[in-house]
Every structure is written in structure tokens, then in C-alpha cells.
Amino acid sequence: MANQDRSYHPSDVERKWQRAWDERGTNRFTRERLRSSPDPFYNLMMFPYPSAEGLHVGNIYAFTGADVHGRYQRLRGKDVFEPIGFDAFGIHSENFALKVGVHPMDLIPRNVANFTRQLRRIGGMFDWDHTVDTTDPAYYRWTQWIFLQLFKAGLAERKEAPVNWCPSCMTVLANEQVIAGACERCDTPVEQRRIAQWFFTITRYAQRLLDNLERIDWSESTTKAQRNWIGRSEGAELAFPLVPRDEGHDPVDPLRVGPRDEAHTIRVFTTRPDTVFGATFMVLAPEHPAVDLLVSDDQREAVDAYRRQAAATDLVSRQKTDKTKTGVFTGGYCRNPATGAAIPVWIADYVLMDYGTGAIMAVPGHDERDFEFATEFGLPIPRVVAAEGDDAETPLTGAYTGPGRLVNSGRFDGMEKDEAVRAVTAWLAERGLGDLRVNFRLHDWCISRQRYWGPPIPIIHCDACGAVPVPESELPVVLPRVEDFKPDDSGVSPLARVEEWYEVPCPECGAQARRETDVSDTFLDSGWYFLRYPSTDFDDRPFDTEVTRSWLPVDTYIGGNEHAVLHLMYSRFLTMVLHDLGHLEFEEPFARFRAHGLIIRNGAKMSKSRGNVIVPDPIIEEFGADAFRLYLMFLGPFEEGGDYRDEGIEGPRGFLYRLFDTALGAEDRAPDPDVERKLHQTIGQVTGQLADLQYNTAIAALMECLNTVRAGGRTAARGEVEPLVVMAAPFAPHLAEELWEALGHEGSLFDAAPWPAFDPEKARESTVEVAVQVNGKLRATVRLPRDAPAPDAEAAARAQENVRRHLDGATVRKVVHVPNRLLNFVVG
RNA sequence: GCCGGGGUGGCGGAAUUGGCAGACGCAGGCGACUCAAAAUCGCCCGGGAGUGAUCCCUUGCGGGUUCGAGUCCCGCCCUCGGCACCA
């Protein structure tokens with residue numbers, strides 16, 4: 001064949017086809033095609049943060065896996081839209097820019113250019129006409145628009161919240177920047193401060209975010225993480241009325257305990273209302289507003305000191321579980337609504353203001369933390385639940401949290417938990433002192449950042465009108481170029497130093513007003529980017545209705561499990577809100593989500609400090625993008641990750657060379673029936689495996705098949721190798737194009753080649769190898785015609801010398817026959 | 001502590017979901033080609049016993065269910081991720 005003098009030079013082949021794809025617009029969509037796609041498939045991957053270091057191997061792994069999926073769908077006839085973009089705002093970029101002393105507005109375009117070059121080099125099927133850069137005003141204009149929609153819907157609230165504060169750097173720190181209670185940069189102990197910030201009230205959507213998880217096809221580990229994060233718990237809210245100072249502390253008849261006004265009642269959330277008879281004290285978060293009412297004169301000093309200290313502790317170490325319990329008695333009492341006893345009220349930092357009601361009833365006998373606290377401060381620890389074999393008097397050596405019957409609980413004695421929860425709550429509810437309630441762990445989403453590198457929050461503060469939204473027609477509120485963007489001692493964003501920027505007239509009354517100087521969280525940028533991609537042709541709307549209708553929700557989303565919670569939760573939330581406000585027809589953005597695994601190297605995690613980070617560029621230079629892609633997909637199950645070994649690439653690389661030789665040397669003749677059978681078995685396997693992202697085994701099957709095609713140094717028939725070229729195309733797109741052309745075809749393989757059709761008839765073996773066991777131990781194998789009846793199989797098996805020996809002298813009690821697989825003689 | 005992955009040859013990893021453990025590949029060994037090396041091709045490659053046919057052992061550990069267990073059940077150990085005083 002004329003082609004035989006060609007030899008395979010990966011980098012030449014790859015450059016040739018990357019140029020061809022570019023020139024022909026193979027992967028690019030026009031606005032028209034986006035609006036009228038016959039069979040749309042939206043293949044999405046998590047967009048990268050464009051770091052100065054360039055793409056790392058984890059990015060390439062994720063993008064390759066997603067690209068393989070997209071290319072596979074395209075070969076199956078789908079119209080695949082595969083966009084990529086850049087998540088370029090945020091503290092990462094800002095800190096890096098500060099470190100190297102380059103303005104992020106100069107730094108980011110450089111990084112984006114480098115990423116673009118690398119992304120093209122690995123041969124992704126990206127539509128470069130529909131990219132997104134979150135720092136582009138044409139993009140964040142719509143991020144601000146989304147903020148305004150939430151604001152107008154009453155889902156954006158401004159409230160005070162604690163932040164980590166470094167008194168030396170004079171700046172707000174994210175939790176990740178607090179290392180062992182100290183600032184990561186200067187080691188100064190971190191304090192907490194309360195400042196006014198913007199929140200999205202995602203908690204209103206908690207139940208829906210939970211319920212919808214049933215209806216979407218996501219990785220199990222991801223939905224589990226979401227469920228845990230939402231943290232629904234069922235229980236009751238119980239009311240403990242304050243004991244007036246002049247009333248005395250003697251117990252009263254519980255039926256005389258009635259509701260008091262809201263200010264003189266402490267509400268608690270508990271998942272164990274059945275144990276209320278064992279509540280011997282209460283604990284409030286130090287910030288709880290009722291503390292002022294409760295505190296007695298002789299305890300005031302101690303309480304104030306404790307509250308000051310709690311306020312000074314940073315948020316991270318405040319929440320350490322391993323430290324011993326601390327707390328202070330307020331001097332005040334509440335009535336236990338079940339027993340009528342006056343119980344002391346304490347404050348302690350193990351009770352968190354932002355969960356439940358910020359107050360708990362302490363049941364030391366049946367809660368580990370309360371037990372620890374009661375032991376520390378010598379408070380009584382009665383038993384109200386008895387396990388099997390225990391009774392009301394059995395002493396407690398620790399908190400008992402297991403199942404059991406109520407004891408020391410009056411008329412409820414003997415009840416099991418579920419019944420007791422209902423009965424006790426109903427009894428308290430009659431007196432207005434309790435009700436069943438659901439509580440969520442999920443918190444409202446704080447989107448304010450006292451930083452520079454983000455989209456300004458589009459609000460103007462006016463003394464007369466309050467927080468006024470910037471009119472939509474005036475968007476974007478452009479982030480000004482500020483040369484000195486270092487956070488300073490003002491405690492607010494560096495933008496608060498730019499008077500000519502923040503001083504504006506109020507849009508409502510025209511009076512002198514002031515822009516919001518905080519910027520928004522990066523997660524807001526990334527919470528909607530998938531809506532923007534197909535609509536980047538439209539600069540007058542965030543997303544076009546028609547385009548969105550045909551492309552969304554996303555068909556497959558692939559990304560890292562590090563975003564299992566925040567990014568995916570926020571995206572779901574924003575989509576739900578936009579749905580409720582009438583902007584979208586669906587409420588779940590990602591129909592299918594798959595989390596990819598992590599790549600480690602030589603058994604160890606990659607890190608800069610270890611110096612074992614894989615730098616992709618030289619590897620691609622040496623072996624080619626196709627070999628690198630193929631190897632990454634081969635080294636382990638995509639959803640689990642794998643161990644990168646430098647020598648490992650040799651196998652996949654050799655496969656590509658052999659495929660090249662075999663395809664170019666192929667002859668025009670009828671396929672050999674045995675080879676054809678193997679081929680069809682492979683088609684069946686690979687087709688299923690690619691659909692399920694089982695890339696490593698799909699590649700193994702392709703290798704095995706090519707080995708069969710080449711067995712004994714034979715020359716392939718064209719029909720034996722051409723389907724292999726098509727099936728390898730998702731992994732090695734450049735080589736596949738080259739071979740497709742060499743095999744005499746016109747145009748791109750991805751447009752023209754049909755995915756090989758699986759013919760079960762051709763895949764079927766006429767004979768099968770059946771294992772023969774005696775008492776479950778393998779003694780022989782026999783080759784039999786497919787679907788041979790049991791008696792034939794048994795006869796053939798008994799004819800085997802080794803089988804006969806093992807059956808000799810024994811009675812066969814039973815014969816287990818699994819057709820086409822196995823025959824087991826059970827002897828006694 | 002809780003939640004979620006994992007533990008299989010020298011190594012990365014397969015195993016139709018209860019049916020021949022170790023596919024595919026790396027590394028290694030032997031051989032062919034070569035003046036030589038590289039590349040390429042062929043064969044071998046879990047451990048033990050045996051000249052051999054063959055036999056025994058082996059999927060983190062200990063039990064169990066089953067004709068049959070890497071796979072299912074019970075109890076442990078180790079490891080990697082995530083969450084972590086959430087009442």
C-alpha cells in the first residue's frame with residue numbers, strides 16, 4: 001500500500017489536525033446552530049482557575065476524561081457543545097498578584113493565554129467561540145444582574161456576621177487562612193469581628209435542595225456529601241420559661257408551667273425531646289441575647305469576661321472539639337417544662353449561636369457533650385433512658401445515647417424513643433411549650449468579600465433610601481483599576497479607598513450616596529457560568545431563552561469532588577431561584593454529574609514541597625498529546641483516579657504506534673471470522689464502557705483486540721482495524737483523524753464516522769470453555785458447543801482424565817451446571 | 001467521632017455483580033534481528049512441592065452463609081478523602 005512509507009510523528013500529526021479543526025470550525029457552533037440543534041448534548045467540565053503555573057495534571061486528567069465523553073457522544077451522533085472558560089476572580093489570584101507584585105488585570109490575561117495554549121495542545125473539543133472569563137465586565141455584568149434578581153426577590157439580606165480578623169495585617173481572613181488560630185501570613189493570633197455582610201438565604205431552599213437529590217443522576221458520593229451538608233434533622237423546639245428573680249427555685253407542678261412572653265422564654269432545638277425529663281441545666285451560646293436578662297449581679301463580671309474571651313477567639317479554634325469544655329453560670333434559672341424544676345442556665349462556647357436557636361437543654365445522661373460539661377462543673381447527671389437489662393437506678397458511667405425505654409420520666413416511663421418523642425412533644429404542645437420541628441445544618445450563603453479582586457456588589461447605600469439596587473441599565477458596575485489593592489487597616493475592601501469610584505448619587509433620591517465597596521464571592525461567578533456559555537453571542541441578556549431551552553440542563557457535568565458541596569450546591573440554588581423567578585424552565589442545572597478521582601504519583605500525593613508535581617508540557621512534547629491522554633485514561637478507573645508512574649506511558653504509546661502500523665498496512669479483503677468475532681465482542685464492551693466512563697477497561701479491551709488483529713505478525717484486513725480507529729478516536733483524536741484520512745476518507749472522523757455497530761450475532765462464540773470443578777475445586781476445562789445441554793456437558797466433563805480420578809470411588813450427590821460457564825460435581 | 005472511597009502479583013490495575021482470580025499494561029528475565037546499542041518482534045513471569053502429569057497455598061485479619069466467596073453476612077485492622085462541639 002502506498003501509505004506504508006508513512007511513519008508516525010505525534011507532534012506533526014497533532015499540529016496538523018489542531019490546525020485543521022480550527023480552520024474548518026469543526027468544534028465551533030454558530031449562533032444559528034445553537035438555536036436549532038437537531039440533537040443537542042451539553043458536555044460540561046468544571047472551568048479552571050487560571051493560575052500562573054499553568055494547567056496541572058489534575059486539570060488535564062479531568063478535561064481529558066470529559067473530552068473523551070464528549071467525543072464519544074459526538075461519534076454516537078449527538079451534536080456536542082463542549083465549552084471551556086476561566087474562573088479568574090478570587091482570593092487566589094489576588095494573593096498571588098500581591099506576592100509577585102503584578103496587577104491581576106495584567107496577570108490574568110497572561111495566564112488565560114497560557115491556559116488557552118495548553119488546552120488547545122491537549123486536543124480538547126472546545127468551542128473557542130463560546131468561552132467565558134468571569135473577570136470580563138461583559139460576564140460579570142450578568143453576575144451582578146443575578147445578585148439584583150435575588151435582592152429584588154428578597155433573597156439577599158444584609159446582616160452582621162462574625163469574620164476572622166487579623167489585628168496585625170488589619171484584614172479579614174477566610175477560614176482557610178487561619179492556621180492553628182493564627183494568621184497564615186504573620187502568625188498573629190486571629191480574633192473575630194462582627195461586620196455587616198450580604199447573605200443569600202439559601203436556607204429557605206434547604207428542603208428542596210434535599211428532595212431534588214432523588215431526581216438527579218449524580219455520583220453517589222456527591223449526593224451523600226450534599227445531604228450531609230444540608231444536614232436535615234428532625235426533632236422538636238421546646239420552650240423553657242425564665243424563672244422570675246423573686247419566685248425562688250423550688251420545683252413546681254409541671255402542669256403549672258405555662259408559656260411566658262417571647263422575651264422571657266428560651267427556646268431550644270433538640271432531636272431528643274423524649275429526654276427532656278433529664279434536662280438538668282441549660283446552655284446558651286455566649287452571644288445569645290437572653291444572657292443579658294438572665295445574668296445576676298454577682299455573676300455579671302464572670303459572664304462578661306467569658307463573653308469577651310469567646311468573642312476574641314477566632315472561628316476555627318472556637319470550634320475545636322478536642323478542647324475541654326468551658327463555661328460560666330449566668331446566675332439565672334429556667335423551668336424545665338416537663339419536671340417543673342428550676343434549672344440553672346449557663347453559657348458555653350460549645351453551643352453555637354448559628355445553629356438551632358443558639359441554646360440547648362442539657363441532658364448530661366444522654367448526650368456526650370453535656371455529660372462532659374456536667375462532669376467538669378459538678379452538675380447532676382440523672383438517667384432517663386434505660387438500655388436492655390438496665391433500670392432507672394443503674395448508674396451512668398458516660399452518656400448513654402443508644403436505644404432504650406424511658407425511666408424517671410413520669411407517665412412516659414417505659415416508652416421507646418419514637419413513641420416517646422411524639423408523646424412528650426404532644427404533651428408539651430398542649431401547654432404551648434413545644435412543637436415538632438425540622439432543623440438544617442445548612443447556613444445562609446455569605447457572599448460579601450472585603451477584598452478587591454471580584455465583581456462589585458451592585459448596591460448603593462443612601463442615608464435616606466437605605467440599600468438601593470443599581471439600576472439594571474447601569475450594569476456592569478465596573479471594577480476600577482486600583483494600583484494599590486492591598487487590604488489595609490480600614491476593615492473594608494480596598495475599594496473603600498477609591499472615593500471617586502464609590503461616591504455616587506442615590507439612584508432613587510439623587511442625594512450623595514455611597515457604593516457598596518465589598519465584592520462578591522467567587523462562588524457566585526461560578527454558580528451560573530454554565531448558563532452563559534451557549535449564550536455568549538448575546539450581549540443584551542444573560543442567557544437567551546431559545547438557546548437555553550435547547551441546551552440546558554447540562555447533559556453531563558464532570559468535575560472534582562472538592563466541589564461536591566459548595567459550588568454544586570450554590571449552582572443548584574441559583575438555578576432554582578432563577579426558575580422560581582421565571583427565568584428558567586428547569587430547576588436542576590446538571591442532569592448527570594460524575595466526580596473524577598485524583599491522580600497521585602508513585603504512590604504519593606503530588607505537591608510542590610515534595611517536588612513530585614508532574615509538569616505536563618514536556619511530557620506532551622516528548623510523547624504527544626494522544627499518548628498522554630490515553631495513558632491518563634488508562635492508569636486507573638476515571639472515577640477513582642490512579643497512580644501516575646513515569647514509565648507507564650510506554651504501554652499506551654506503543655499501542656498507538658502499533659495501531660498506526662496496522663491501519664496503514666491494512667489490506668482490502670474480507671475480515672477473518674475469528675478476528676471479526678473478537679472485534680464485535682470488543683465493540684460491545686467498549687460501547688458500554690465508554691458510556692459509563694470506564695475508560696481504563698475500554699482501553700484494555702482495545703489493546704486486547706489489536707493484539708488479536710496482529711497476532712502472529714499477520715496483516716490486518718481493513719474491516720478489522722477501521723472500527724478500532726474509530727473507537728480509539730475519543731482517546732487519541734489526532735491519530736484517529738490521521739488514520740481516518742489515510743484510510744481514504746474525507747472530512748473529520750468526528751463528523752463522518754459512524755460509531756461501529758455492535759452485532760451480537762458476529763460476537764457469538766460457537767464453542768465455549770467450561771470449567772469443571774469437583775467440590776468447588778477446578779479440575780479441568782472442557783470446550784463445548786455453545787448452549788450444550790447439561791447431560792452432554794456432564795459426559796464431556798466425566799471423560800476428562802483428571803475429573804475421572806477425582807470422582808473415582810466417590811458418590812456424586814449433586815451436579816451444579818451453569819450453562820456455558822461451569823460444571824461442579826458435589827461428591828460425598 | 002461521623003460520612004464516603006479503598007486494601008488483589010515486584011508495580012498500576014482486571015474479574016460479565018456469587019461461577020476458571022490476576023485481563024490489559026509497566027517493570028523484570030530469556031531469545032530473535034544487529035558489528036553493537038536503541039527501537040521492534042517472540043516466549044516466560046503470584047508463592048511452594050514435584051523429573052512430570054499434577055497437587056497444595058494465595059484477594060488486609062478472624063468467623064459465617066453457599067455445591068462454589070475477591071464478590072454476600074457478622075466482628076476487627078489498616079489506609080486515603082471529606083465533615084467535624086450541628087444539640
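For clarity, every value in this text was computed on a predicted model and none was experimentally measured. Letters A, B, ... are given to chains in the order of the sequence lines, protein chains preceding strands, and every chain is numbered from 1.
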Integer angstrom distance from the P of B/G52 to that of B/G64: 36 Å

Within the 6.0 Å centroid threshold, strictly below: A/Tyr631 and A/Tyr644: yes

Residue-phosphate contact under 4.0 Å: A/Arg779 side-chain N/O, B/C55 OP1/OP2: yes

Nearest to side-chain heavy atoms of A/Thr781, which nucleotide of B/C11, B/C20, B/A87: B/C20

P gap between B/G46 and B/G22, integer Å: 10 Å

Base versus backbone protein contacts along nucleotides 37-42 of chain B [heavy-atom cut-off under 4.0 Å; B, S, -]: ----S-

Pairwise 5' ranking along RNA chain B for A/Phe825 and A/Glu640, keeping only the more 5' one: A/Glu640

Syn-anti status, with the boundary at 90° from 0, for the nucleotide B/G22: anti

Separation of B/U79 P from A/Ile600 CD1 (nearest whole Å): 15 Å

Sugar-phosphate, base or nothing in reach of A/Asn802, heavy atoms under 4.0 Å: sugar-phosphate

Plane angle bin for A/Tyr350 and A/Phe373 - parallel if under 30°, tilted between 30 and 60°, otherwise perpendicular: tilted

Distance between C1' atoms of B/G48 and B/G9 (Å, rounded): 15 Å

Interatomic distance where NE2 belongs to A/His596 and P belongs to B/G81 [whole Å]: 15 Å

Atom P, compared across B/G13 and B/G81: separation rounded to whole Å: 15 Å

Pair A/Arg227 + A/Glu214, salt bridge at N-O below 4.0 Å: yes

Residue closer to the 5' end of RNA chain B, A/Ala771 versus A/Ile649 (nearest nucleotide): A/Ala771

A/Lys814 side-chain proximity, nearest of B/C20, B/C55, B/C67: B/C67

Sugar-phosphate, base or nothing in reach of A/Thr271, heavy atoms under 4.0 Å: sugar-phosphate

A/Gln207 atom CD, neighbour heavy-atom count above 12 within 6.0 Å: yes

Residue pair A/Asp444 / A/Thr203, side-chain donor-acceptor N/O under 3.5 Å: yes

Protein-nucleotide distance (A/Gln685, atom CD; B/A14, atom P), rounded to Å: 14 Å

Output field: ring centroids A/Phe638/A/Tyr61 closer than 6.0 Å: yes

A/Lys777, nearest nucleotide to its side chain (from B/G6, B/A84, B/C57): B/C57

Gap between atoms CZ and P, on A/Phe440 and B/A87 respectively (whole Å): 12 Å

Interatomic distance at C1', B/C30 relative to B/A69, whole Å: 38 Å

Test item: side-chain donor near acceptor, A/Arg629 and A/Thr64, under 3.5 Å: no

Plane angle bin for A/Tyr695 and A/Phe731 - parallel if under 30°, tilted between 30 and 60°, otherwise perpendicular: perpendicular

Whole-angstrom distance between B/A21 and B/C73, as gauged at atom P: 22 Å

Among B/C67, B/G25, B/A14, the one nearest A/Asn696 by side-chain distance: B/A14

Given B/C20, B/C11, B/G25, the nucleotide with the shortest approach to the side chain of A/Asn707: B/G25

Ring centre gap for A/Phe523 and A/Tyr570 strictly below 6.0 Å: yes

Sugar-phosphate only, base, or nothing, as touched by A/Asn824 at under 4.0 Å among non-hydrogen atoms: base

Sugar-phosphate only, base, or nothing, as touched by A/His806 at under 4.0 Å among non-hydrogen atoms: sugar-phosphate

Sugar-phosphate, base or nothing in reach of A/Leu635, heavy atoms under 4.0 Å: sugar-phosphate

Nucleotide nearest A/Glu704 (side chain, heavy atoms from C-beta), chosen from B/C20, B/A23, B/C67: B/A23

Donor on one side chain, acceptor on other, A/Thr401 and A/Asp367, under 3.5 Å: no

Separation of B/A15 C1' from A/Gln689 CD (nearest whole Å): 12 Å

Side-chain H-bond candidate by donor/acceptor type, A/Gln681 with A/Glu765, under 3.5 Å: yes

Spacing of A/Lys325 atom NZ relative to B/G1 atom C1', expressed in whole Å: 12 Å

Anti/syn call for B/U17, syn if |chi| within 90°: syn

Structure string for RNA chain B in dot-bracket form, Watson-Crick and G-U at under 3.5 Å, | interchain: (((((((..(((......[....))).(((((.......))))).((((....))))..(((((..]....))))))))))))....

Nearest-neighbour nucleotide for the A/Val816 side chain, B/G25, B/G19, B/G12 considered: B/G19

Salt bridge A/Asp661-A/Arg658, side-chain N to carboxylate O under 4.0 Å: no

Proximal nucleotide (of B/C20, B/A14, B/G19) relative to the A/Glu769 side chain: B/C20

Nucleotide B/A84, atom C1' - distance to NE2 of A/His443 in whole Å: 13 Å

Separation of the P atoms in B/G5 and B/C85, to the nearest angstrom: 23 Å

Donor/acceptor link under 3.5 angstrom from A/Lys605 side chain onto base of B/C80: no

Nearest-angstrom distance from the residue atom CZ of A/Phe281 to C1' of B/A87: 12 Å

Touch class at under 4.0 angstrom, heavy-atom based, for A/Ser233 against every strand present: sugar-phosphate

No-hydrogen, no-angle side-chain donor-acceptor test under 3.5 Å, A/Thr662 and A/Arg710: yes

Nearest-angstrom distance, C1' atom, B/A15 to B/C83: 34 Å

Sugar-phosphate, base or nothing in reach of A/Gly642, heavy atoms under 4.0 Å: sugar-phosphate

Sugar-phosphate only, base, or nothing, as touched by A/Arg227 at under 4.0 Å among non-hydrogen atoms: nothing

A/Asp367, nearest nucleotide to its side chain (from B/A23, B/A87, B/C55): B/A87

Which nucleotide in B/A84, B/A87, B/G6 has an atom nearest any side-chain atom of A/Arg441: B/A84

